[in-house]
Amino acid sequence: MMARLALRNLSAHRLRLLFTAVAVVLGVSFAAGTMIFRDTASRAFEDAFGDRSQTREVSVAPKQPFTGEGAQPRLIDAATAESLKDKVPGADQFRSVVEGYAVVIDRNGEVVGGDGVAHRGRAYVEGGPESKTRILTGRAPTAENDLVVEEQTAAEGGIAVGDSVPVVTRSGQRTMTVVGVFTLGEERIGDVVTYVGFSPAVAEQLLTRPGHYSAVWVRPKAGVSQEQLAAQLTAALPADYEVNTAQQLVADARERIKSFFGLLSAFLLAFAGVSVLVGSFIIFNTFTMLVAQRTREMALLRAVGASRRQVTRAVIVEALVVGVVGSTGGIGVGVGIALALQALFSRFGTELPSGSPVVTPATVLWAYGIGTLVTVAAAYLPARRAARIPPIAALRDEVALPTRSHRIRLVLGVLVAVVGGLVVALSFGSKRDEAPILLALGGILLLFALVLLGPVLSRPVVRLVGWPVARLGGTAGQLSRRNAYRDPRRTAATASALMIGLAMVSVATVVSSSLSASADRRLDREFGADFSLDSRGLTGFGPPAADQVAAVPGVRAVTPVRLGTMRIDEQEAPVTVADPAALVTPVNLRIETGRATLGADEILVERSAADELGLDVGSTTPAQYPDGARVTLRVVGIFADNQVLDRPYLVGTAGYLAHSDTDQLQRAYVDVDDAQQAAATERIRSVLRAYPAVQLRDRQDAKDDARAEIEQVLNAILALLVLSILVAAIGIVNTLGLSVVERTREIGLLRAVGMGRGQVRAMIRYESVVIALFGTALGLGLGVGLGVAAQRALSSNGIEVLDLSVGRLALYLLAAIGIGVLAALWPAWRAARMNVLEAISQR
Amino acid sequence: MTSNTAVPDTGTADPETGEVAARTEEITKVYGAGDARVVALDAVSLTIPRGRFTGIMGPSGSGKSTLMHCLAGLDVVDSGRILIGDQDVTRLNDKQLTALRRDRVGFIFQSFNLIPTLTALENIVLPLSIAGRQPDQQWLDKVVDTVGLRDRLHHRPTQLSGGQQQRVACARALVSKPDVIFADEPTGNLDSRSGAEVLAFLRDSARTTGQTIVMVTHDPVAAGYTDNVVFLADGRVVDRMVDPTADRVLDRMKRLEHAPAGREELAR
Ligand SMILES: Nc1ncnc2c1ncn2[C@@H]1O[C@H](COP(=O)(O)OP(=O)(O)OP(=O)(O)O)[C@@H](O)[C@H]1O
Ligand SMILES: [Mg+2]
């Protein structure tokens, strides 16, 4: 019977429940979308690997001691490979692989495929039982300058057979002729990798070294299993080689992808959590209001003998139905969100393989779990309160749900706020990597405190933000302000949804604009050169480019810089390879103690790294060069932290190059004679035309790049938060729509004593704006406060300048007013459309 | 009894003053269709004399509320004309009706007369502030004193008794000096003492300030406070009574209620 009543209620209040369901949909959809996105992308990756796991081959490759940026891969030399033929009885066929970094530069001087994908080149070989590689147009590469390009890479770069294109590899830049376009036979590889092929001899020369391979694949004889072959190979090789079956490699790759997507989806799920949280406020609010509106009916039920439990159960059944319906919708919308996320990632430069959306049972289970649990939990409290309504209330004219006093809330809220504040304060004196965690924790506590204190704060804050509305809006404005603080709990819950979104948006904004401003300040201070030459892509450019620029009349000095990697004290660490004395001007390098000249096996250490590791002038530390040579480095000087250099160690060029098999530069600073600035710049540009892999940047370009990078992250975060703000807006619509229903008689009375339709609409609109402003005021306040705290806490660690970005914050305020106005459209229309007579006589 | 002479009301002005505050001409209002068809008002023509306290009485379902709602521009009629002063209410659009309600008529309902978020004083001046007008302070003071609520002005409706709430509603209706005040069973929810207070107040307003008031009531005692009474039955005006007393009204009502043949009686 009570279940039937619950269902009747659902159909009687279709519209209101539609809105609740929409809140559930939005809350669930982000989480579902994230999971679908993750599953779709990893399925697509797996498909791409699928073929390889079929092969019976076993791979032999050197272990890689260095993996960081600037690391050169260790290779396997032909002699070692050859020796295996005698030592390994189970081996049937050997296939050497020559593969390495290779980037194609397109007509506009941009890297084909952009920064987000891997760029590979290999010795072009066809055939082999498992290989599907074949030429589509043109021919295979044979000559010195022949290049073949994978079909999707060619499409991306607009490259056709016959074109001349610059190709950058670890051995420098070379202009090559495209003689063919080939396919790997694997469908979606082009989304994550760009590929080019060279003739085998050229490949060794450009990608590895003559007589050296990156790996060797070995085929077992008939009757020999992969595992047996692998064991034989391991026994035949020195310890610094790795032997893997094809399956193992695929499994490893799969594991890496899983953990990458695990991280990525954990990040996304955090945002999804925000929208679930925001959604739950709205669901809670809606059920509270639905119950309040049915108070009399419930009291009547109680009067005719329904037990408390039955009344509660009727509400819970309703919530269950809404939860299930909403979750179903959420999964549907989630598919769309997964597609949107994919689009978002490709916009921000990270191409992911695409495929038709994958909805796993786990996703479905989670979606229904979250959706129904949140809904039922949000409905439980109001339901319990409803059951406590005394039956006598059925007979009274005005009934209110029993409300608890705000005292517990106040005490608890203040307590949480104090703890949160303390945690934030703690971050001020903490270490570089602890501060963000403390700030986040403190921020969450403060947010929670504000949610708790919302109802207490709503009166004073609404009075304040509603003041201009009341002044400007006449009677409608005054009434709307009173309506907004009539039910503090409701107003606060509605505003909380918006507050959470805006707090996150504004903290992200303040931190990122402070980061940008700090980068500006730093570059002003430390970018002392007129220009820097930067390499496009990861490897770098050959010294001739720098030499030719140095020869340009008007150029005073060119300081070459290499970004290397070493193992220092058993930790792989990035090092700057340059002459410290030459760096003084271009990056304002300041040697605090010691000397600025570096001999072999000597090192300069940054102040903060030195403090952390307890190093000082004269101390020694064990280290390993990229070629594997182990040495003991002597610290000859300490330099002040330098954010342009951005690497904790500085080693001399000659000493490093002796242990490295490449002399590629990653950067060079150019100092130009001021008197000849313009002419020299023009000449440098013309010299560089022959080196498309080299980018000429001045300080402003460096600033712009830094800003663009930060902005990109901010935009991604804002895009992810848009959904929770959307949920909040729906929440306002919901609350207002329900209050309009609740105040039908009141609106009827106002109309009866002469309020016009326009005034009624204005009244609802103002109320909406006041609620939105309330949420915004709290959200912006907290967000800006946290942003300022973050800047202070990290002032010596990268955010030295505070930039509030007032323009943007003002924009958010305007946007909030806009949200308020938009959210009021429908409720206002409903209120104004009401029939006066019916409204008044409604009971 | 005056039934045969007073009905049908031909729309002539009240013999005493000759002035008409409002008038209906053959108004008809039908609800529903087919089996559910109800003729709530059946060619009703009557006049509301200016400066008088007029009662509308009749059995439940006779069309009293409908008549009043139509008169006040809250509801529309199917045919006929309604004039407030010399403005034809039936021809007004929503905007004009809103202005009419705001400026020319006042309302007192049986219950729920006040906006709960506003204080008594704010409720009283509500129609004026909606119109963006300043209240005439002298008049406001007078109204407030008449309703006797000076010490309650800053209370919220929930802090007032039922009788006080209705008096606030009366004050609100009075403060904009409307052409007509309509009250639908204003004392229906009150005990007899509070009811008497409100009724006396309405009567005095009509007497001392010349305010035209139309009141729908069930209660013969309430009708006794009015200057004249219109009797409705089955959507028609069946009688009028000048200077009614509770006893005479009760008597008339009994005959209306217990003589379903009332209509035939009139027809004869
Ligand atoms: N909205 C409506 N829909 C259908 N019929 C209606 C509606 N409003 C009133 N009626 C009918 O019109 C007739 C007159 O109703 P009205 O409310 O005017 O009566 P009343 O005289 O005010 O009665 P009471 O003294 O009980 O308030 C009744 O028969 C009623 O059933
Ligand atoms: Mg009635």
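Model, not experiment: these values are computed from the prediction. Chain letters run A, B, ... following the sequence lines, proteins first, then strands; residues in each count from 1.
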(Q) Which heavy atom of Thr475(A) sits nearest to which heavy atom of Ile130(B), and what is that distance? (A) OG1-N, 3.4 Å
Q | Leu118(B) CG to Gln478(A) CD distance, which is reported to the nearest 0.5 Å | A | 8.5 Å
(Q) If you compare all heavy atoms of Ile115(B) against all heavy atoms of Leu750(A), which two are closest, and at what distance to 0.1 Å? (A) CD1-CG, 3.6 Å
Q | Engaged part of Val753(A) at the chain B interface, taking heavy atoms whose separation is under 4.5 Å | A | both
Q: For Leu749(A) and Leu114(B), work out which heavy atoms get closest and say how close.
A: CD2-N, 3.6 Å
Q) When only heavy atoms count and the cut-off is under 4.5 Å, which of residues 86-103 of chain B reach chain A? A) Asp94(B), Thr98(B), Arg101(B), Arg102(B)
**Q.** Arg150(B) atom CZ, neighbour heavy-atom count above 12 within 6.0 Å
**A.** yes
(Q) Among Gly474(A), Ala476(A), Gly756(A), Ala752(A), which residue has the highest count of heavy-atom pairs closer than 4.5 Å to chain B? (A) Ala752(A)
(Q) I need the Glu122(B) CD to Arg482(A) CZ distance, nearest 0.5 Å. (A) 4.0 Å
Q.
Among Ser129(B), Gly73(B), Pro127(B), Pro178(B), which residue has the highest count of heavy-atom pairs closer than 4.5 Å to chain A?
A. Ser129(B)
(Q) Need one label for Glu746(A): side chain, backbone, both or neither, based on atoms under 4.5 Å from any heavy atom in chain B. (A) both
Q: Please state whether the side chain, the backbone, both or neither of Arg743(A) comes within less than 4.5 Å of a heavy atom of chain B.
A: neither
